[in-house]
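Below is one structure, written out as structure tokens; comments come after it.
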Amino acid sequence: MKKFYTERDIEDIVQAGVSELEINDDVVVTDVAREKATALGLRLKPVQKKTTTSDTPTPASSIDRAKGVDPELVSRIKSTVIARLGTAESAELLDRIIPQVLARLGS
């Protein structure tokens with residue numbers, strides 16, 4: 001399951017005295033949260049997630065590749081929608097819908 005960080009999360013992390021946050025494929029930082037991290041001096045450190053043989057692509061990533069949809073664009077749209085909704089409850093639904101909409105739009 002993905003972990004989402006919003007602007008408020010970043011503020012709380014910095015206030016707790018953290019100076020570096022590790023980011024991998026399971027971590028999504030909204031654009032506004034990235035800006036806040038930069039402004040507050042929080043370093044977002046990219047790290048590679050350890051993979052195992054049991055790791056399989058999600059249906060959304062399969063759709064992304066099959067339809068030629070940019071996974072980074074899907075991730076940014078999903079982050080924005082979740083940030084505006086204030087909840088990640090619909091994350092799996094968004095994983096299915098966003099690539100389909102982008103494919104139909106020809107993105």
Side-chain angles (χ1 to χ4, degrees):
M1 176 176 263
K2 290 193 182 256
K3 170 68 178 167
F4 290 85
Y5 288 100
T6 64
E7 179 182 22
R8 177 60 193 250
D9 296 322
I10 298 299
E11 290 171 346
D12 292 344
I13 289 168
V14 171
Q15 190 173 17
V18 176
S19 61
E20 182 176 273
L21 182 63
E22 290 186 351
I23 306 298
N24 62 36
D25 291 341
D26 290 333
V27 176
V28 176
V29 180
T30 66
D31 290 340
V32 174
R34 282 186 187 280
E35 291 172 10
K36 180 59 81 171
T38 299
L40 296 177
L42 178 66
R43 181 172 180 251
L44 301 178
K45 180 181 175 185
V47 294
Q48 286 189 353
K49 179 183 162 192
K50 294 179 182 176
T51 58
T52 64
T53 56
S54 65
D55 286 345
T56 56
T58 62
S61 63
S62 299
I63 292 169
D64 296 348
R65 284 192 300 275
K67 304 273 187 186
V69 174
D70 179 9
E72 177 64 27
L73 178 58
V74 173
S75 178
R76 288 191 342 245
I77 292 169
K78 180 178 170 184
S79 299
T80 303
V81 169
I82 289 173
R84 291 195 183 201
L85 291 176
T87 178
E89 291 176 6
S90 302
E92 290 180 21
L93 179 60
L94 292 171
D95 282 336
R96 291 191 309 269
I97 293 172
I98 294 170
Q100 291 175 11
V101 170
L102 290 174
R104 288 183 184 168
L105 292 174
S107 297

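The basis for the numbers below is simple: all heavy atoms, side chains too, and nothing from hydrogens, waters or symmetry mates. We number each residue from 1, following the sequence as shown.
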Would you confirm whether S75, through its side chain, and P71, through its main-chain N or O, come within 3.5 Å as a donor-acceptor pair? no
Consider only side-chain heavy atoms of I, L, V, M, F, W and Y, link residues closer than 4.5 Å, and tell whether V27 and L40 are in one cluster. yes
From I77 CD1 over to E72 CD, what is the distance, rounded to the nearest 0.5 angstrom? 10.5 Å
From the list V18, L21, V32, side chain to side chain contact (heavy atoms under 4.5 Å, CB included) with I10 holds only for L21
The reported gap from OG1 in T6 to CD in E11 (rounded to nearest 0.5 angstrom) is 8.0 Å
List the steps and the verdict of side chain to side chain contact (heavy atoms under 4.5 Å, CB included) for L102 and V74. CA-CA 8 Å; L102 290 174; V74 173; 3.8 Å; yes
Output the distance between atom CZ (F4) and atom CG (D26), rounded to the nearest 0.5 Å. 10.0 Å
Surrounding CD of Q15 (heavy atoms of other residues, nucleotides or ligands, distance under 6.0 Å), is the total greater than 12? no
Which atom names give the shortest non-hydrogen contact between V29 and A33, and what distance separates them? CG1-CB, 3.6 Å
Treating Ile, Leu, Val, Met, Phe, Trp and Tyr as nodes and any side-chain heavy-atom pair under 4.5 angstrom as an edge, say whether V101 and L93 lie in one connected cluster. yes
Within the 4.5 Å heavy-atom criterion, are R34 and T38 side-chain neighbours or not? no
Rounded to the nearest 0.5 angstrom, the CD-OG1 distance for E7 and T30 is 7.5 Å
Within this structure, what is the CG-NZ distance for the pair N24 and K2, rounded to the nearest 0.5 Å? 8.5 Å
Work out which heavy atom in L42 is nearest to a heavy atom in S19; give both atom names and the distance. CD1-C, 3.4 Å
To the closest 0.5 Å, what do you measure between CD (E20) and CD (E22)? 6.5 Å
